[in-house]
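Both ligands and their constituent atoms are indexed starting at 1 by order of listing.
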Amino acid sequence: MKRMIAFAALTTMLLAGGAQAAEHEIHMLNKGQKGAMVFEPDLVKAAPGDTIRFVPTDKSHNAEAIKGMIPEGAEGFKGKMNEELTVTLTKEGVYGIKCTPHYGMGMVALIVVGDPVNLDAAKAVSHPGKAKKVFEELFAELPAD
Ligand SMILES: [Cu+2]
């Protein structure tokens with residue numbers, strides 16, 4: 001009997017943990033608050049297990065994890081053009097995201113899941129065109145420790 005109660009408590013805990021996972025929406029836009037071709041918001045703070053939903057609000061965009069800008073052990077992803085992409089991020093760290101056709105125009109986003117354990121590695125990645133400046137600004141918004 002005792003064992004059953006313990007099991008029930010564990011199940012409740014697991015269910016509660018699942019319910020707490022949040023979903024974050026990032027819109028892919030031709031024009032946003034920061035200008036043309038943007039992810040909005042372009043900086044998301046999430047907890048491990050949270051889901052990110054990339055919404056193709058405007059056409060001709062996608063979301064792709066940038067090589068070298070995801071935590072070790074995390075799986076990369078690449079969304080199809082004009083399609084919604086939902087990813088669940090379980091590994092702690094920062095995730096750099098680009099829109100494949102608008103990377104050089106600075107259409108990038110940064111997602112921080114828990115501790116930014118791979119921050120240095122992610123910062124060391126080089127970017128084309130305007131993406132370099134946008135990432136510098138995004139990294140500057142993170143709390144220094
Ligand atoms: Cu785009």
Side-chain angles (χ1 to χ4, degrees), residues 6-145:
F7 177 75
L10 180 67
T11 308
T12 308
M13 262 167 59
L14 288 175
L15 287 175
Q20 275 165 10
E23 186 184 84
H24 308 265
E25 261 187 27
I26 298 179
H27 291 267
M28 300 184 274
L29 302 174
N30 292 343
K31 194 173 187 300
Q33 286 176 0
K34 287 191 177 180
M37 309 304 175
V38 288
F39 288 102
E40 201 169 285
D42 57 1
L43 179 62
V44 169
K45 282 166 195 166
D50 281 2
T51 295
I52 311 290
R53 200 150 67 92
F54 295 95
V55 185
T57 310
D58 289 327
K59 282 205 187 319
S60 306
H61 305 289
N62 77 335
E64 178 180 1
I66 296 170
K67 236 182 161 185
M69 287 188 91
I70 58 172
E72 209 179 308
E75 253 182 74
F77 51 85
K78 182 177 182 177
K80 290 200 176 89
M81 297 290 290
N82 304 320
E83 282 186 21
E84 188 172 294
L85 173 70
T86 303
V87 290
T88 301
L89 304 178
T90 53
K91 299 273 182 209
E92 281 199 312
V94 299
Y95 293 73
I97 312 296
K98 67 179 175 183
C99 167
T100 313
H102 302 125
Y103 188 17
M105 290 178 74
M107 186 163 172
V108 294
L110 191 64
I111 301 166
V112 184
V113 178
D115 260 350
V117 290
N118 60 327
L119 187 59
D120 290 343
K123 277 183 174 175
V125 174
S126 57
H127 306 283
K130 210 184 148 198
K132 183 180 189 314
K133 188 170 166 277
V134 176
F135 267 124
E136 278 170 5
E137 287 167 2
L138 291 173
F139 282 125
E141 284 183 50
L142 300 183
D145 57 4

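- With 2.8 Å as the limit, Met107 counts as an N, O or S neighbour of the Cu ion (ligand 1).
- Remark: side-chain polar atoms of Asp42 are not paired, donor with acceptor, to backbone N or O of Phe39 under 3.5 angstrom.
- Within His102, the N, O or S atom lying nearest to the Cu ion (ligand 1) carries the name ND1.
- Aromatic ring pairs are classed by plane angle as parallel below 30°, tilted from 30° to 60° and perpendicular above 60°; the pair Tyr103 and His127 is perpendicular.
- Judged purely by atom type and a 3.5 angstrom limit, Glu40 uses its side chain to pair as donor or acceptor with the backbone of Gln33.
- The side-chain hydrogen bond (donor to acceptor under 3.5 Å, both in side chains) test with His61 is passed by exactly one of His27, Glu83, His102: His102.
- When you scan the N, O or S atoms of His61 for the one nearest the Cu ion (ligand 1), you land on ND1.
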